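Note that this is a predicted model, so its numbers are computed, not measured.
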Amino acid sequence: MSPETGTLFTNPDRNLGMELVRATEAAAIRAVPFIGRGDKNAADGAAVDAMRKFLGTVDFDGVVVIGEGEKDHAPMLYNGEHVGSGTGPSCDIAVDPIDGTSLTAAGRQNALSMIAVADRGSMYDPSAVFYMEKIVTGHEGHGVVDLRKPIGENIRALAKAKKKDVADMVVAVLDRPRHAGLIDEIREAGAGTRLMLDGDVAGGINAAMHGTRIDMCVGTGGTPEGIITACALKALGGLIQGRLLPRDDDERQKAIDAGHDLDRVLEVNDLVTSDNTYFVATGVTDGQLVDGVRKSGPGIRTESIVLRGRSGTVRRVVGEHLAEKWL
């Protein structure tokens, strides 16, 4: 309650990120028995169940605007699902109980459990256009790089802004056949590549954070992941540019009918209009952003990152959990 107006606050409070981290921790811990077991659906199902349960204890009125599927495809957290206690701030929520289910199933690195939250109505609606071209950098990229320019030109411009040699630049790209030409262009420009099997959200955050090895993250990836990345970048001051890339004529027409300009380059404030954002992620397996879940004796250790847009705060949260409480 506001002492000045006597009205209820409508925005996420300071503690929301620290409450949400319990949900990503729970999802990551529940996924552990399935790491390296080859069953990505079982891993995802366990993580979804845990995340839904813990989200129900958080005092907010969340609506899933970026989920994993529709209601009849349970156990996914579906678009339009209400989560939280129903009291407190009204929020848009994007969830991915495991970003990297295939990585988890194979026992590979960089699988995360993550949640992004913003004020209600502030997350971009891509109208079912699943893919977008993206470029993400740190704050040095503002006014320097442009998605419409050749990648070599962007690399050279960013290297100059960062006072680095082009040969020292590292560009993260999803390792997909569609990126073969892009990867060649990056290397021809003189930069190195960091090929990601999955998880371009983590790649984008690493590109925007100070002190990491990644300078830029580029390529075609999921539009939902672009919106989630934008929520994180609100706390980091980084740059993201994206352009919708329909997969076929039907998807293109749906986008046009919804009023989208497919030539428009979307920036961070287009993808999420509010500065009142949270991004929370817990490592499932070890990665560049956070360590994965580790079991040792009677304990379970988790590492998470909590980013708050309004305050520009980055918190790293290490949890020590008694294993017997999770049996």
Decide yes or no on side-chain contact (heavy atoms from CB on, under 4.5 Å) for L20 and F54, but give the supporting numbers first.
CA-CA 8 Å; L20 292 169; F54 275 79; over 6 Å; no

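- Here the side chains of V272 and D119 are not in contact, with every heavy-atom distance at 4.5 Å or above.
- For the pair L55/I93, a side-chain contact is recorded, criterion being any heavy-atom separation below 4.5 Å from C-beta on.
- Enclosure of atom CZ in R301 by more than 12 non-hydrogen atoms of other residues, nucleotides or ligands within 6.0 angstrom is indicated.
- Proximity of I214 to Q288: side-chain heavy atoms (C-beta onward) are separated by under 4.5 Å at one or more points.
- Checked options V171, L174, I183; the residue passing with L195 is I183 (criterion: side-chain contact (heavy atoms from CB on, under 4.5 Å)).
- To the nearest 0.5 angstrom, N206 atom CG is 5.0 Å from T212 atom OG1.
- Annotation for H139: atom NE2 does not count as buried by contact number, only 12 or fewer foreign heavy atoms lying within 6.0 Å.
- For the pair R316 and V290, the minimum side-chain heavy-atom distance is below 4.5 Å.
- Of the charged side-chain nitrogens involved, none lies within less than 4.0 Å of a carboxylate oxygen, so that R37 and D39 do not count as a salt-bridged pair.
- A donor atom on one side chain and an acceptor atom on the other are found under 3.5 Å apart for D257 and Q253.
- For the pair L103 and Q109, the minimum side-chain heavy-atom distance is 4.5 Å or more.
- Counting only N and O atoms by type, the side chains of N269 and K234 include a donor and acceptor under 3.5 Å apart.
- The pair E81-R52 meets the salt-bridge criterion, since a charged nitrogen lies less than 4.0 angstrom from a carboxylate oxygen.
- Using a 4.5 Å heavy-atom threshold, the side chains of R176 and D198 count as touching.
- When each of M132, H260, R252, K254 is checked for a side-chain contact (heavy atoms from CB on, under 4.5 Å) with P246, only R252 meets the rule.
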Can N154 and L158 be said to form a side-chain contact (heavy atoms from CB on, under 4.5 Å), step by step?
CA-CA 6 Å; N154 280 325; L158 185 62; over 6 Å; no

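- Checked by atom type and distance alone, the side chain of T101 never pairs as donor or acceptor with a backbone atom of K40 at under 3.5 Å.
- Residues E140 and V145 are not in side-chain contact: their nearest non-hydrogen atoms beyond the backbone lie 4.5 Å or more apart.
- With respect to D49 and R30, no salt bridge is recorded, no charged nitrogen being found less than 4.0 Å from a carboxylate O.
- Inter-residue side-chain proximity for V21 and R315 is flagged as unmet; no heavy-atom pair is nearer than 4.5 Å.
- Remark: the backbone N or O of Y131 is paired with a side-chain donor or acceptor of T223 at under 3.5 angstrom.
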